[in-house]
Amino acid sequence: MELICDSCGKRWEMEPNFWRCACGAPLRWDLKVYFDLAAIEERNWSIWRYRAMLKLPENAQTVSLGEGATPLIPTPEKQSWLKLEFLNPTGSFKDRGASVLVTGLKAWGISEVAEDSSGNAGVALSAYAKVSGIDCRIFVPKGASEGKIVALQRFGAQIVFCSNRQEAAEQVMIAVQSGIYYASHTWHPLYLQGTKTVAYELAEQLDWIIDENWSVFIPVGNGDLLLGIHLGFQELVFSKVIKRLPRLIGVQALACAPIYAAVHNLTLPFNRTVAEGVAVTDPPRIRQIIAAVRETDGDIVAVSEPSILNAVDELAGLGFWVEPTGAISWAAWNQLGKPPKSILILTGAGWKTLKP
Ligand SMILES: [Zn+2]
């Protein structure tokens, strides 16, 4: 039994039609993966170099667009690092989750999927579904970036417009009840098997020398990236490849910061933010996110709208066109005085925020 419910404690095996516990709470992976350095496929320059360490259905055929193996480059003062996740095939780290999830869905014979997403997760899913011959329906809240909607159209997704995120979440559930598979980046356990490869890559790119003196700055909305990175580093510690977990610094936009508010015992209003990818008012995995951050002696940081726009400009000054959501890790690093031994995850590309 490799999946655990944090709410009721019940354990489950991974099964096709199974994206949450029977009690309704999200599931997390038990620590059972042994990271074997000798099992890395050295000539494979994608997340699939770690295939032996990914939990997948039996006989799954890889669905890959070359995701992962993104550059890790030094910051201008050379004491910290930028992880260029916006260079993934559809322009965000979500390709890692979508690649593993769709690989699993294909093995299970799924032919039609639905997802509620305002952007990158929907675009990634639609691309991997397209290449797999799986029909894809995305429920999109009004106000999503036009560039992301154009990308969804490009990959042939059926787009259902909803008045807001809440309605999108309700509408997707109606579709799921009618028999369409829920390929959720927020809920599906396989998604974290993809995003955990960020931790593997960071450790390998730093010659397996990463520990509690390092901080990883991660934009957090639903937490699928932070929880994946946490899982990956946990497995590396469990397997004695690294000695200790680095500190995880979850970053939110102050205008929509429920996790920051919960960690720091604050009551904050929700407003619109330019960091649309992390504008989540009620993340289902909030308990897991807070537990992960605390376990690493990390923190949740919130950044203002002007500081986000400033971060986008500063990154452009380095030649990187990153979307506002992807720039908040830089904004938080600035806010904390640019501590050395930091890794900033630049999650999404700027081009999708363009108007068509
Ligand atoms: Zn449960």
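Note that this is a predicted model, so its numbers are computed, not measured.
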Does any part of the side chain of [Y], heavy atoms only, come nearer than 4.5 Å to the side chain of [X], both counted from C-beta?
X: Trp48; Y: Leu54; value: yes
X: Pro284; Y: Thr186; value: yes
X: Ile249; Y: Trp333; value: no
X: Arg49; Y: Trp45; value: yes
X: Tyr128; Y: Asp95; value: yes
X: Lys32; Y: Phe238; value: no
X: Leu268; Y: Leu254; value: yes
X: Glu323; Y: Asn120; value: yes

Find the distance between [atom1] ([X]) and [atom2] ([Y]) and round it off to the nearest 0.5 Å.
X: Arg28; Y: Ile4; atom1: CZ; atom2: CD1; answer: 4.0 Å
X: Leu84; Y: Phe93; atom1: CG; atom2: CZ; answer: 15.0 Å
X: Lys94; Y: Thr195; atom1: NZ; atom2: OG1; answer: 8.5 Å
X: Ile343; Y: Ile218; atom1: CD1; atom2: CD1; answer: 9.0 Å
X: Leu190; Y: Trp108; atom1: CG; atom2: CH2; answer: 4.5 Å
X: Ser145; Y: Glu276; atom1: OG; atom2: CD; answer: 3.0 Å

- Item | Considering all heavy atoms, the nearest Ser329-Phe217 contact |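 That closest heavy-atom pairing would be CB-O, 3.6 Å.
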- Query: Does a donor on one side chain and an acceptor on the other come within less than 3.5 Å for Thr347 and Glu85?
  - Reply: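 There is no such pair (donor and acceptor under 3.5 Å, judged by atom type) between the side chains of Thr347 and Glu85.
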- Scan side-chain atoms only and decide if Gln288 and His230 contain a donor-acceptor pair under the 3.5 Å cut-off.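 Gln288 vs His230: no donor-acceptor pair found between side chains.
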- Message: I'd like to know whether Val322 forms a side-chain contact (heavy atoms from CB on, under 4.5 Å) with Trp330, so could you lay out the CA-CA distance, the side-chain angles of the two residues, the decisive distance to 0.1 Å, and finally the verdict.
- Response: CA-CA 10 Å; Val322 176; Trp330 177 278; over 6 Å; no
How about [X]: does its [atom1] atom have over 12 heavy atoms from other parts shown lying under 6.0 Å from it?
X: Lys55; atom1: NZ; answer: yes
X: Glu77; atom1: CD; answer: yes
X: Glu42; atom1: CD; answer: yes

- Task: Report yes or no: is the cationic atom of Lys10 (NZ for Lys, CZ for Arg) closer than 6.0 Å to the six-membered ring centre of Trp12, at no more than 45° off its axis?
- Result: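 The answer is yes; both the distance and angle limits are met.
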- Item | Residue that, paired with Glu115, satisfies side-chain contact (heavy atoms from CB on, under 4.5 Å) out of Ile180, Ile138, Leu101 |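 The option that passes is Ile138.
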- Name the one of Val303, Leu266, Val301 that satisfies side-chain contact (heavy atoms from CB on, under 4.5 Å) with Tyr260?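 It is Leu266, the one option of Val303, Leu266, Val301 that forms the side-chain contact (heavy atoms from CB on, under 4.5 Å) with Tyr260.
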- Message: Donor-acceptor check, side chain of Gln234 to backbone of Leu245, threshold 3.5 angstrom: yes or no?
- Response: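 No.
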- When the ring planes of Tyr50 and Phe35 are compared, do they come out parallel, tilted or perpendicular, using 30° and 60° as the limits?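 Tyr50 vs Phe35 ring planes: tilted.
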- Task: Determine the interplanar angle of the Tyr181 and His188 rings, folded into 0 to 90°, and report it as parallel if under 30°, tilted if 30 to 60°, perpendicular if over 60°.
- Result: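 The rings of Tyr181 and His188 sit tilted, inter-plane angle from 30° to 60°.
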